[in-house]
Amino acid sequence: VEVTTRYWLLERSTWKWFLLALLVRGGWFWVFVHAHGLHHGAWGWGATTGDTWSYFDPIDSHLAGTAYRPDLRMPGYGVVYLFFRWFTTVPGAGSMVILAQLFFSALSCAAVHRIGGLIGLRRGISIALTACYALFPRVAMYDVMFITESFCLSALLLALLGWLLCVRSPSPVNLAAAGGLISWVVFLRPALGVFLPLLAIALGACLKAPAMRRLRAVFLFLLPFLLLDGAWTARNWIVHHRFRPLANRLYYPSLDETPLFHAGRYVRAYGGDHTWWSPSADVRWFIQHDGTYHAPHPRYTQRIELPSAATSEHVTMDSLRLMATAIGSWRNARERPLERGDLAPAVHARADRYIAAYAADRPIGYHVISRVRMLAHALDPAGLEPMFGAHFRKPPPYAPIVVGCNGLLYWSMIPLGLIAAVLALLTWRRSPQVVVVIALLVLVGVLEHPILRRSECRYLVPMYPFLCIMVAWLFDRWLILWRQRRA
């Protein structure tokens, strides 16, 4: 195990690994910024997504003196944009956000190397872990995108490193740093707020100290979040007169007016794929059968067939065709707003009836099997953004190599990482406490969204480095056992 100091950022080895990672991630940055960015977007160099406006527009509204609105999101991503907007233009601030993502991305690679040392990995395994994570194309691609994944990955790894340092040396500096980083994670992605109490409880369990010192350490760890989220909650109470400690809304308000969204609610009831932008998503069946489906986009030429699990005794294929027809009527009524306004609530009510009937007809399928199916969709990367081909550009000659490298890392790290996490929990008496904590975070992070019926393969991205860490631990344990048997 490497010798650690209280000030990890000041160590020479940290910056050595940072510079090496910056070379690797910088190469990926060049590849993906040409594939997805540099298209004269409103926010500079990076690649705009369908969610970008919801992070940046409230900041520009605040600077214009019209308050933080629309306030759908917590300001964890927007605050970085705000910092740069104080002294530059909108495109300049966006470009600086992308460069900040690259910086933290390289720093997170250095953190992964130190985490490997802190959990007891051999030096060679720790180096291999760092290399695999730094070379992961899908992770590096998010460094050029205006979305929370890049900062969320980096903040999670830095928070884990800070937490491990707190276990060894629970100084106020370490506790405040670790607590502040995990608080940033929550403000970036509120769904990961479940990690905060888990890490706080695990900190109290792992510390070798009297009870009062443990409680003091846990309180200092939680204090940054209590202060930051307390201010955010007070703001929401003043503005909305509601107790909202996290995000103000789960979905965009406009989705409630979209019948396809309510069809997706029924698809989630039986565990189907509800991400309409995925070429093979079940919910696209309703588009293909709504009577308005003509020349499709080249990406959506696949004909969708619903599985047998999509129907029940009281929800037949004819019932689902009626819903698809209602969606088509809504799409055809663009010039008739009054008629259109009546169609969306009708589809909403129909979806409610179908979900209730399906749950009554197939209780095990609704409560159990559907969540297993959604886990399978979450592990399938088909619904992720294409690595090349965006903006109608021809993919570069090296695109197949990059896609192949990503597939190799994904299909080796994700299954093995899940197996390693399960084994660590099953052998918790013989495994290091910190490894058991990481395994618990992995399983919670992977299973949380399928259990909540909000499965989307992009939600699994923050778990990639944790899965890589578990794979490295598994190989390290296997190497020890192999050498023991050989001896």
Side-chain angles (χ1 to χ4, degrees), residues 51-87 90 93 97 100 104 146-149 151-152 154-156 158-159 162-163 166 170 172-204 215-256 444-445 448-449 452 454 459 462:
D51 294 330
T52 302
W53 68 271
S54 63
Y55 297 108
F56 291 167
D57 282 5
I59 299 299
D60 290 324
S61 174
H62 168 73
L63 292 174
T66 53
Y68 182 82
R69 63 177 65 172
D71 58 350
L72 309 174
R73 307 277 190 178
M74 297 182 77
Y77 194 60
V79 70
V80 183
Y81 175 73
L82 173 64
F83 174 77
F84 295 116
R85 276 288 284 118
W86 278 334
F87 55 84
V90 169
V97 168
F104 280 99
F146 292 120
I147 202 166
T148 59
E149 264 67 18
F151 280 144
C152 188
S154 302
L156 261 177
L158 292 170
W163 182 86
C166 289
V173 173
N174 286 343
L175 291 165
L181 285 165
I182 196 64
S183 300
W184 187 26
V185 170
V186 178
F187 272 72
L188 287 166
R189 180 160 294 181
L192 295 181
V194 66
F195 284 4
L196 183 67
L198 288 177
L199 287 174
I201 294 170
L203 178 64
L215 289 174
R216 175 177 173 272
V218 171
F219 173 75
L220 290 177
F221 176 76
L222 293 173
L223 184 59
F225 179 77
L226 295 175
L227 294 175
L228 294 171
D229 194 63
W232 172 250
T233 305
R235 179 261 176 200
N236 287 336
W237 181 266
I238 294 171
V239 173
H240 301 289
H241 305 292
R242 297 287 189 276
F243 178 73
R244 294 173 177 171
L246 298 175
N248 281 308
R249 291 190 67 97
L250 194 59
Y251 300 102
Y252 294 132
S254 58
L255 284 178
D256 291 335
V444 170
E448 177 188 11
H449 289 98
L452 295 176
R454 296 187 63 240
Y459 296 156

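In this structure, Phe151 CZ and Leu156 CG are separated by 13.5 Å, a value rounded to the nearest 0.5 Å. Expressed to the nearest 0.5 Å, how far CG of Leu222 lies from CG of Leu227 amounts to 11.0 Å. The line from CZ of Phe221 to CG of Leu196 is 5.5 Å long, rounded to the nearest 0.5 Å. Here the CG-CG distance, from Leu228 to Leu223, works out to 9.0 Å after rounding to the nearest 0.5 Å. Note: Arg242 CZ to Asn248 CG = 11.0 Å, rounded to the nearest 0.5 Å. The distance from the CZ atom of Arg189 to the OG1 atom of Thr148 is 4.5 Å, given to the nearest 0.5 Å.
Between Asp51 and Arg73 there is a salt bridge, with a side-chain nitrogen of the basic residue lying less than 4.0 Å from a carboxylate oxygen of the acidic one.
Considering Leu199, Val173, Asn174, Val218 in turn, Asn174 is the only one that fulfils the side chain to side chain contact (heavy atoms under 4.5 Å, CB included) rule with Cys166. With respect to Val97, the side chain to side chain contact (heavy atoms under 4.5 Å, CB included) criterion is satisfied by exactly one of Tyr55, Tyr81, Phe83: Tyr81.
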Show the numbers, then the answer: is there a side-chain hydrogen bond (donor to acceptor under 3.5 Å, both in side chains) between Tyr252 and Ser54? CA-CA 9 Å; Tyr252 294 132; Ser54 63; 3.2 Å; yes
Evaluate ring pair (Phe, Tyr, Trp, His ring centres under 6.0 Å) for Tyr459 paired with His449, printing each intermediate quantity in order. CA-CA 8 Å; Tyr459 296 156; His449 289 98; 4.4 Å; yes
Carefully, step by step, assess Asp71 and His240 under the rule side-chain hydrogen bond (donor to acceptor under 3.5 Å, both in side chains). CA-CA 10 Å; Asp71 58 350; His240 301 289; 2.5 Å; yes
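Scanning both residues, Trp163 and Leu203, for their nearest heavy atoms gives NE1-CB, 3.5 Å. When all heavy atoms are compared, the tightest approach of Leu246 to Trp232 is O-NE1, 2.8 Å. The two residues Pro172 and Arg216 make their nearest non-hydrogen contact at CG-NH2, 4.1 Å. Of all heavy-atom pairs between Cys152 and Leu192, the closest is SG-CD1, 3.6 Å. Of all heavy-atom pairs spanning Pro70 and Trp53, the tightest one is CG-CZ3, 3.7 Å.
Proximity of a side-chain donor or acceptor of Thr233 to a complementary backbone N or O of Asp229 within less than 3.5 Å is detected. With hydrogens and angles disregarded, no donor-acceptor distance shorter than 3.5 Å links the side chain of Ser61 to the backbone of Tyr68.
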Output a table of donor-acceptor pairs, distance under 3.5 Å, between side-chain atoms of residues 176-187 and any protein atom two or more places apart or on a different chain; print 'none' if there are none.
unit_1, atom_1, unit_2, atom_2, d
Ser183, OG, Gly179, O, 2.6
Ser183, OG, Phe225, N, 3.1
Trp184, NE1, Gly76, O, 3.0

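Both tests hold for Arg454 against Tyr251: distance to the six-membered ring centre under 6.0 Å, angle to the ring axis within 45°.
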